[in-house]
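Reminder, nothing fancy here: chain letters follow the sequence lines and each chain counts from 1. Being a predicted model, the structure only gives us computed values, none of them experimental.
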Number of protein chains: 2
Amino acid sequence: MKEQAEIFKALGDPVRLEIIKLLLGKELCVCDILSAFKVSQPTISHHLKALKYAGLVNDQREGKWIYYSLAPEAFAQANAVLQEFAAKSVAKERGRTCE
Amino acid sequence: MKEQAEIFKALGDPVRLEIIKLLLGKELCVCDILSAFKVSQPTISHHLKALKYAGLVNDQREGKWIYYSLAPEAFAQANAVLQEFAAKSVAKERGRTCE
DNA sequence: TAGATATATAGATGATTGTCGATGTAATTT
DNA sequence: AAATTACATCGACAATCATCTATATATCTA
C-alpha cells in the first residue's frame with residue numbers, strides 16, 4: 001500500500017492527469033499515449049514511470065509494445081481518502097489551545 | 001474553479017495531508033496546527049498558503065488568531081474526479097494505432 | 001544478420017519545492 | 001507607548017522535478 005501523499009503527488013501533474021484520462025476504460029501502448037501529447041517520448045516514459053511508482057498504472061509487454069492500464073486498487077484507495085475528506089470537510093467545532 | 005492538477009499537487013505532500021486531517025470537522029488557528037508538527041512555523045505558514053492557493057482551505061482572522069478551515073467545494077470537486085477515475089479504472093478495450 | 005520499430009535509461013539543465021532562520025506586520029496586553 | 005503574541009514574508013539553500021537530446025535495449029522484420 002503506497003503512501004497517500006505519493007499517490008496524490010503523482011496525480012498532481014497535468015500531463016499525468018491527461019494520461020490517466022486517456023487510459024480510462026482502455027489499455028494503451030506508449031506510442032498511442034505519446035501521440036496525444038506534444039512532449040517528447042522520454043518525457044512520456046518518465047511520467048509513466050512516476051505513475052507506476054505510485055502504483056497507479058500497470059504495464060505489460062506484448063511483443064514490441066508495452067501496454068499501460070490503470071490500477072483500480074490505487075484509485076479505489078485514493079477515492080476512499082477523498083470521500084472521507086469531502087464528507088468531513090464541513091467545520092463544526094472551533095478549537096484553540098494556544099493563548 | 002481551480003485546475004485539477006493544482007488541487008492534487010496540493011494534496012501531494014505529507015505535511016499538507018496531515019494538516020487537512022487535523023482540520024476535518026474543525027476550525028483551527030495556526031498555533032494549534034503548528035503544535036501538531038515538528039517543522040517550523042514558517043514552514044506551516046508556507047503549506048497553509050499552498051493549500052489556500054489550491055482552494056482547499058479558507059482563513060478567517062479573529063483578533064490575534066487566524067482560523068483555517070477546509071473548503072468543502074474543492075474537496076467535492078476532487079472527490080468527483082477521483083470517483084470517476086475509480087469507476088472507470090478497469091480496462092476493457094485495448095487500443096493501438098501505431099505500427 | 002542487419003535494419004527498423006518501440007520503449008527505457010542516462011545525463012544535463014532550468015524551474016519548482018520544502019525547509020530554515022531572520023525579519024516584518026498586525027493585533028493584544030501591560 | 002512598549003512589550004508580547006500570532007502569523008506572514010523574505011532570502012537562502014539543497015533537493016526534487018519536468019523536460020530535452022543522445023543513447024541503450026528489446027523485439028520484430030527483411
Side-chain angles (χ1 to χ4, degrees), chain A residues 2-20 22-23 26-54 56-69 94-99, chain B residues 2-20 22-23 26-54 56-69 94-99:
Chain A
K2 268 287 168 190
E3 283 275 341
Q4 290 175 1
E6 289 291 344
I7 295 182
F8 288 122
K9 188 162 65 175
L11 293 171
D13 178 271
V15 172
R16 289 195 290 267
L17 220 43
E18 270 308 306
I19 292 177
I20 289 170
L22 278 179
L23 290 175
K26 292 181 215 157
E27 218 176 3
L28 293 176
C29 66
V30 178
C31 59
D32 277 346
I33 297 173
L34 177 60
S35 68
F37 294 90
K38 48 184 176 1
V39 301
S40 71
Q41 177 265 320
T43 295
I44 293 295
S45 216
H46 163 75
H47 284 303
L48 287 172
K49 190 175 184 178
L51 288 171
K52 187 178 175 186
Y53 177 77
L56 287 168
V57 303
N58 300 120
D59 58 341
Q60 184 189 348
R61 166 146 242 151
E62 203 138 326
K64 287 194 293 185
W65 302 280
I66 299 180
Y67 292 92
Y68 278 84
S69 55
R94 161 169 296 188
R96 200 193 68 242
T97 61
C98 51
E99 186 54 33
Chain B
K2 269 287 167 188
E3 283 276 341
Q4 290 176 0
E6 288 292 344
I7 294 182
F8 289 122
K9 189 162 65 174
L11 293 171
D13 178 90
V15 171
R16 288 196 290 268
L17 221 43
E18 270 307 307
I19 291 177
I20 289 170
L22 277 179
L23 290 175
K26 290 181 215 156
E27 218 177 3
L28 292 176
C29 65
V30 179
C31 59
D32 277 345
I33 297 173
L34 176 59
S35 68
F37 294 90
K38 48 185 179 357
V39 301
S40 71
Q41 177 265 318
T43 295
I44 292 294
S45 217
H46 164 75
H47 284 303
L48 287 171
K49 189 174 185 178
L51 288 171
K52 187 178 175 185
Y53 176 77
L56 288 167
V57 302
N58 300 120
D59 59 340
Q60 184 189 349
R61 166 146 243 151
E62 203 139 323
K64 287 194 293 186
W65 302 279
I66 299 180
Y67 291 92
Y68 279 84
S69 56
R94 160 171 297 190
R96 199 194 70 241
T97 62
C98 51
E99 188 52 32

Between the protein and nucleotides 19-23 of chain D, which nitrogen or oxygen pairs come in under 3.5 angstrom?
unit_1 : atom_1 : unit_2  : atom_2 : d
D:dT19 : OP2    : A:His47 : NE2    : 2.3
D:dC20 : OP2    : A:Ser40 : N      : 2.9
D:dC20 : OP2    : A:Ser40 : OG     : 2.9
D:dC20 : OP2    : A:Thr43 : OG1    : 2.7

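- For A:Ile44 and D:dA18, the CD1 to P distance is 12 Å, given to the nearest whole Å.
- Going from atom NZ of A:Lys9 over to atom C1' of D:dT16 covers 8 Å, rounded to whole Å.
- Toward the 5' end of DNA chain C, the nearer of the two residues B:Ala50 and A:Cys29, judged by each one's closest nucleotide, is A:Cys29.
- Regarding contacts with the backbone of D:dT29, every side-chain N or O of A:Lys64 stays at 4.0 angstrom or more from both OP1 and OP2.
- Atom-to-atom, CG of B:Asp59 to C1' of D:dA6 comes out at 13 Å; the value is rounded to the nearest Å.
- Taking atom CD1 of B:Ile33 as the reference point, atom C1' of D:dC7 lies 11 Å away to the nearest angstrom.
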> After noting the C-alpha distance and the side-chain angles of B:Val30 and B:Leu48, does the key distance pass the side-chain contact (heavy atoms from CB on, under 4.5 Å) rule?
Replying inline: CA-CA 9 Å; B:Val30 179; B:Leu48 287 171; 3.8 Å; yes

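- For D:dA6, neither phosphate oxygen OP1 nor OP2 lies less than 4.0 angstrom from any side-chain nitrogen or oxygen of B:Tyr68.
- Contacts of B:Arg16 with the nucleic acid, taken as non-hydrogen atoms under 4.0 Å apart, involve only primed sugar atoms and P, OP1 or OP2.
- Under 3.5 Å, the side chains of B:Tyr67 and A:Arg96 contain a donor-acceptor pair of N or O atoms.
- In this structure, B:Arg16 contributes its side chain and B:Ala10 its backbone to a donor-acceptor pair below 3.5 Å.
- Nucleotides of DNA chain C with any atom under 4.0 Å from a heavy atom of chain B span, from 5' to 3', C:dT5 to C:dT28.
- Note on B:Lys52: nothing from the nucleic acid sits closer than 4.0 angstrom, heavy atoms only.
- Comparing B:Trp65 and A:Val30, the nucleotide of DNA chain C nearest to each residue sits closer to the 5' end for A:Val30.
- Between atom CG of residue B:Asp59 and atom SG of residue B:Cys29 there is a gap of 12.5 Å, rounded to the nearest 0.5 Å.
- Taking the nucleotide of DNA chain D with the nearest heavy atom to each of A:Arg61 and A:Gly12, the more 5' of the two is matched to A:Gly12.
- One can place CD1 of B:Ile66 at 5 Å from C1' of D:dC7, the figure rounded to the nearest angstrom.
- Residue A:Glu62 contributes atom CD, which lies 10 Å from atom P of D:dC28 at whole-angstrom precision.
- The only member of A:Val57, A:Leu28, A:Leu51, A:Leu34 that meets side chain to side chain contact (heavy atoms under 4.5 Å, CB included) when paired with A:Ile19 is A:Leu51.
- Distance check, rounded to the nearest 0.5 Å: CG of A:Leu23 to CD of A:Glu18 gives 11.0 Å.
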>> Applying side-chain contact (heavy atoms from CB on, under 4.5 Å) to B:Leu22 and B:Lys26, what does each step give before you reach the verdict?
In response: CA-CA 8 Å; B:Leu22 277 179; B:Lys26 290 181 215 156; 5.8 Å; no

> Hey, mind stepping through B:Thr97 and A:Asp32 against side chain to side chain donor-acceptor pair (under 3.5 Å) and telling me if it holds?
Replying inline: CA-CA 6 Å; B:Thr97 62; A:Asp32 277 346; 2.5 Å; yes

>> The test is side-chain contact (heavy atoms from CB on, under 4.5 Å); show your working for B:Gln60 and B:Glu27 and say whether it passes.
In response: CA-CA 10 Å; B:Gln60 184 189 349; B:Glu27 218 177 3; 3.7 Å; yes

